[in-house]
Amino acid sequence: KRVLVPLLVAIYGIYLLFHPSLAQLNLGLALALISGIFSAFAIMSIRKLRANENPLMIFASFVLFGALLPAPFMYNNFVWPNPVTWLILLGIGFATLGGQLPMTYAYKFIKASEGSIASISSTAFSTLFAFLILNETLSGQEWLGMLLVIVSVLLLFYHPKAKGAK
């Protein structure tokens, strides 16, 4: 029950951010939904592994298999990145490490449902960073959506003390 309200607030916030409609349904949205399904499976798997495994081992496996599995698909289409692209890829690597490793560690202490709602905050932060770094414009609806997503995470982890508790 404690997860339901933050989940509904987060879903509404995401709706405001992306304002989807059936008219906009396209390959990009379909692939994003597929990504969400696979990410949910990964979150549950990480939560299960964190009962006994070191987060660094889980992350290393993620990186290793993430590099090896797409290799056959790149065989005929690989283009060596230029130096600027290498720097951007290095930044992506550090950002992935900075996001994935703490998340993997966190699943030892929180439920998968709580972690997945907290991870939804990446939607709000990526929107904010797109505004700040890429100069994307945001509507009032998108600002409200970001706020609701962040509030949902705060609601999830807010535990007021019971009356009379010390």
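Given the structure is predicted, the values throughout are model-derived calculations rather than measurements.
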Requested in this report: State whether the number of non-hydrogen atoms from other residues, nucleotides or ligands found under 6.0 Å of F59 atom CZ is greater than 12.
Outcome: yes
Requested in this report: Would you confirm whether R47, through its side chain, and Y107, through its main-chain N or O, come within 3.5 Å as a donor-acceptor pair?
Outcome: yes
Report task. Just grab all the side-chain hydrogen bond (donor to acceptor under 3.5 Å, both in side chains) pairs involving residues 137-151, residues at least two apart or on different chains. Result -> S139-E142
Requested in this report: Report yes if some heavy atom in the side chain of M103 is under 4.5 Å from a heavy atom in the side chain of I46; otherwise report no.
Outcome: yes
Report task. Verify, without hydrogens or angle tests, whether R50 (side chain) and A106 (backbone) share a donor-acceptor contact under 3.5 angstrom. Result -> no
Query - Side chain proximity check, L16 to M146, heavy atoms < 4.5 angstrom - result: no
Requested in this report: Please examine the side chains of E114 and V153, heavy atoms only from C-beta on, and report whether any two atoms are closer than 4.5 Å.
Outcome: no
Query raised in the report: Should we say atom OH of Y75 is surrounded by more than 12 heavy atoms from elsewhere, each under 6.0 Å from it?
Result: no
Query - S45 side-chain N/O to F41 backbone N/O, donor-acceptor pair under 3.5 Å - result: yes
**Report entry** Atom pair OG/CG of S152 and L147 - distance to nearest 0.5 Å
**Finding:** 10.0 Å
Query raised in the report: Is there a side-chain contact between Y15 and I11, using heavy atoms and a 4.5 Å cut-off?
Result: no
Report task. Consider only side-chain heavy atoms of I, L, V, M, F, W and Y, link residues closer than 4.5 Å, and tell whether F78 and L89 are in one cluster. Result -> yes
Requested in this report: May I ask whether I58 and L56 are part of the same hydrophobic cluster, defined by side-chain heavy atoms of I, L, V, M, F, W, Y residues being less than 4.5 angstrom apart, directly or through others?
Outcome: no
Query raised in the report: I92 and M74: same hydrophobic cluster, using ILVMFWY side-chain contacts below 4.5 Å?
Result: yes
Query raised in the report: Under a 4.5 Å side-chain heavy-atom rule over Ile, Leu, Val, Met, Phe, Trp and Tyr, are I110 and L49 clustered together?
Result: yes
Requested in this report: Answer yes or no: is there a side-chain heavy-atom contact under 4.5 Å between F125 and V149?
Outcome: no
